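Have a look at the structure below before the remarks.
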Amino acid sequence: MGEIPRETTQDGPKVRLYLVDGSGFIFRAFHALPPLTRKTDGLPVGAVSGFCNMIWKLLVEMKTQADAPTHLAVVFDHSEQTFRNKLYDQYKAHRPPPPEDLVPQFPLVREATKAFGVPCLELPGYEADDLIAAYACKVRDMGGEVTIVSSDKDLMQLVGPRVFMLDTMKNARIGIEQVIEKFGVTPDKVVDVQALCGDSVDNVPGAPGIGIKTASALINEYGDLDTLLARATEIKQPKRRDTLIEYADQIRLSRELVRLDCDTPLPSPLDELAVDDPDPAVLSEFLERMEFRTLARRVGDGKAGSAGQAAADTPRPETRAPEKPNHGKIDVTAYACVRDLPALDAWIAKAYARGIVAFDTETDALSSATAGLCGVSLAVAPGEACYIPLGHCEAEGLQLEAAADLTQIPLEQAIARLKPLLEDPSVLKVAQNAKYDIAVLSRYGIEVGPIDDTMLISYVLEAGLHNHGMDELSKLGLDHEPIAFKSVAGTGKAQKSFKYVGLSEATCYAAEDADVTLRLWEHLKPRLAHEGLATVYETLERPMPKVLADMECAGAKVDAERLRQLSNEFGQRMAELEAEAHRLAGRPFNLGSPKQIGEVLFKEMGLASGRVTATGAFSTDASMLEDLAAQGHELPRILLDWRQLSKLKGTYTDALVAAISEQTGRVHTSFSLASTTTGRLSSSDPNLMNIPIRTEEGRKIRRAFVAEPGKVLISADYSQIELRLLAHIGDIPQLKRAFREGLDIHAMTASEMFGVPVEGMPSETRRRAKAINFGIIYGISAFGLANQLGIPQDEAGAYIKTYFERFPGIRAYMDRTKQAARSQGFVHTIFGRKVNIPAVKSKSQAERAFGDRAAINAPIQGSAADVMRRAMIRMPGALKAEGLTARMLLQVHDELVFEAPEAEAEAVIRIAKAVMEKAAEPAVAISVPLVVEARAAPNWDDAH
DNA sequence: TCGACGCGC
DNA sequence: TGGGATGCGCGTCGAT
């Protein structure tokens, strides 16, 4: 089978290498094509599209040639700074920064290259041209053939026997003859000519007043540049002679700048550049995500690059089948523990070669904002994973009989090796809950990217169906139960920090996490495009971990002294109330026990018991106690007051003081991206999304959230965002008009319902309309509304009836949404986020009713959450673009809290409002304005 | 570990 | 028929 090699060298079949000048491709594609943006989110993708078309065309043409290439790579410039800047600081100095629209496309182009199954080559400190030179020389010297796909004249110096250039735009092959045509000299003298003429684009100085014609004439006359400069005094023309003598050093420097070095190190061995067909699943996922429909179709027709006949009888061994993972059994004992630099370098090299690596960080604490690094695990292929322990040590006081060998790579050295890999734009990093790893590593100076998050991919695919923790995803998707953290670190009080876990045990656990993450990625990622959710993931999820990691690391400042003082005040008043309660009850009892309260009130004191709870106990909740207090009983009021203080003290004052980090003096919450069904965030450890605001006592706690001296807190919140979205989604003319005209929406609702003018409306009337407006969003019933407003149930029922008559669109929205949910099992937000609501298919009537209400609420709540995410994603860039140092600290569903120097307050308010109000654009044109109110103050209460 | 309760949007 | 009857979270406490 296979082709018979026609020519061979001593080393085997003859190598035919194609080297594509990727950077050149990108710029040509960008400038040659009209701007193109991805429809769903406006991401500029014109250059990516052009690039993909060029690559595809090249792949197809290559296959049809008689001498098809055996090896292929796309070569990129790695960074602006190269060794040439050290030679000459003005090198390429006048080059303008790449167009704004092009910048986000650089990483995408690398991704595109990999999607086409083509290796990417780049090396820090070198230009693409240097790498091209190195590979070209190597292959030429071993007797192979090289084709450089570029039209860059700087590469013409490499042309020679068995080295050609190919200008795909002009479809012209450039050999020695064409070079002579262009430069007037043979390729080996091109450098000398360029050194004399210089290059205004790259800012290579050369010699003033000398162009190609003169330069080539001189070189041809004297043979080469060194001879020319040595014999410059012999030149007849006085001006030319003086120039060459005066600028000799500058000319030699110019030659260094233009000369390409064959000894540039090779980032990948030649073997890894062997031509390989793209993985159709990966390629089509990418093209779908980019929304390159035409090319996706062509690629589909062309059988994924196998344009040649060979493809027919050599079926691909395995294409990714999302439905059936079909992974091999996971063997946790097969993982490597990396404890020296050569081993680490080998793993890093493998990650580069694969272009994708799953990783996980192990730390010694829970909070990512303060935890220390214990180790990093990497997985480069399913089953091929390692753990790099970095901070493991013997637990104090627990020395074993024989001290274990804890030799590890010093942290700083490992960080220095891992940083380039984790930051390399051409290597995709995969993590489970990337926010955590981003936060930890950023404190060690590593800005990880680009990164995919398996937790978020799962969340986009299956929110509402299950949780998205790794253990759960592994069981569901891979049918594998990973080692539980508890089983290696212990549980409860005996739980030890991961740094005290032995290396072999730690390796099994940690490397497995990376392995499982990579397998999950392979299993889940293709589904995004397949199920039309790639844009949701890219625009609403993928950028969030970085944004939230920064917010969590920033943390919020609280006035600890003030909180302790409040805690004492609350404690004292609670003691007084407790004594009074015991006196009234005639015996001591635990005021914190609903059970005991029930006994005291209903059994001993004989008060009329109202409702019972689900478990049959007496209900003693606030509304119950309020009723009893209203009947004139004394004890329920005492209990209500005690409960309020107990809540404030236990949940807020004490807990917040305890949550202050010793290291930063601030409170670092953890935001969860994947714990709600609707797309909202949640906050925990501590929860900073439920800081009191309703009561005066509660606001004292909010007032303890303060800014650093010289700074202010700024709170910016969406006004009525859910009602506005209801007006838009339900297409309710009166509501839309009211919002457009900036009217008081609740007063307008009341006026419409009760037929009374807004002018001089009683506040109670407005209050009722407000309760109805909110109730509607949540799918309220007459019973609930009656409870809420303290009115008879039939009256509440009449309100709801009137409401639906006045706003028939809302009824229609509800019916249509329930219908959709029941038939499909899910609903969508206006940005396309899918919210699964399995309860609508339940056998239980009650559960189905729950499902209906959730279905009605989800598009509204979820769309609001999406709008907020879009605002948060754009915010850091918008602040930075204005030169502001303000930081986002907190999000509370419809509110963002910033901390900024006082002098920036006005500008931050302006930017925050602008970004938030326009956050839906350009993806969705909302038919009512989004309005944001923002204020600055020294504390959160006054800013809100 | 669960339920009741209560804080937020 | 009639019971149950506002969406989404998290943390604390007592009871088990």
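Note that this is a predicted model, so its numbers are computed, not measured. Each chain gets a letter, A, B and so on, in the order its sequence line appears, and its residues count up from 1.
- B:dG6 and C:dG3: their C1' atoms are spaced 26 Å apart (whole Å).
- Looking at residues two or more places apart in sequence or on another chain, you find a side-chain contact (heavy atoms from CB on, under 4.5 Å) between A:Glu569 and A:Arg562, A:Gln565, A:Leu566, A:Lys700.
- Put simply, CG on A:Leu681 is 11 Å from P on C:dC10, counting in whole angstrom units.
- Rounded to whole Å, the P atom of C:dA5 lies 12 Å from the corresponding atom of B:dA4.
- Between A:Ile800 atom CD1 and C:dA5 atom P the separation is 15 Å, expressed in whole Å.
- If you measure from atom CD1 of A:Ile780 to atom C1' of C:dC8, you get 15 Å, rounded to the nearest angstrom.
- Atom-to-atom, CD of A:Gln793 to P of C:dG4 comes out at 13 Å; the value is rounded to the nearest Å.
- No contact: A:Asp717 has no heavy atom under 4.0 Å from any strand.
- Within the nucleic acid shown, A:Ala864 has no heavy atom closer than 4.0 Å to any nucleic acid atom.
- Within the structure, a side-chain polar atom (N or O) of A:Lys595 is placed less than 4.0 Å from OP1 or OP2 of C:dT16.
- Listed pair A:Ser675 / C:dC10 meets the phosphate criterion, a side-chain N or O lying under 4.0 Å from OP1 or OP2.
- In this structure, A:Asn787 reaches neither bases nor backbone, as no heavy-atom distance under 4.0 Å exists between it and the strands shown.
- Under the side-chain contact (heavy atoms from CB on, under 4.5 Å) criterion, A:Val657 pairs with A:Leu563, A:Arg564, not counting sequence neighbours.
- A:Leu785 has its CG atom 12 Å from the C1' atom of C:dA5, to the nearest Å.
- C:dG2 sits 34 Å from B:dC7 when the C1' atoms are compared, rounded to a whole Å.
- The phosphate of C:dA15 has OP1 or OP2 within less than 4.0 Å of a side-chain N or O from A:Gln596.
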**Report entry** Per-nucleotide protein contact string for nucleotides 3-9 of chain B (B base, S sugar-phosphate only, - none; heavy atom under 4.0 Å)
**Finding:** SSSBBBB

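- When rounded to the nearest whole Å, the span between CD1 of A:Ile791 and P of C:dT6 equals 14 Å.
- Taking the side chain of A:Ala655 as heavy atoms from C-beta on, and the options C:dG14, C:dT12, C:dC10, the nearest nucleotide is C:dT12.
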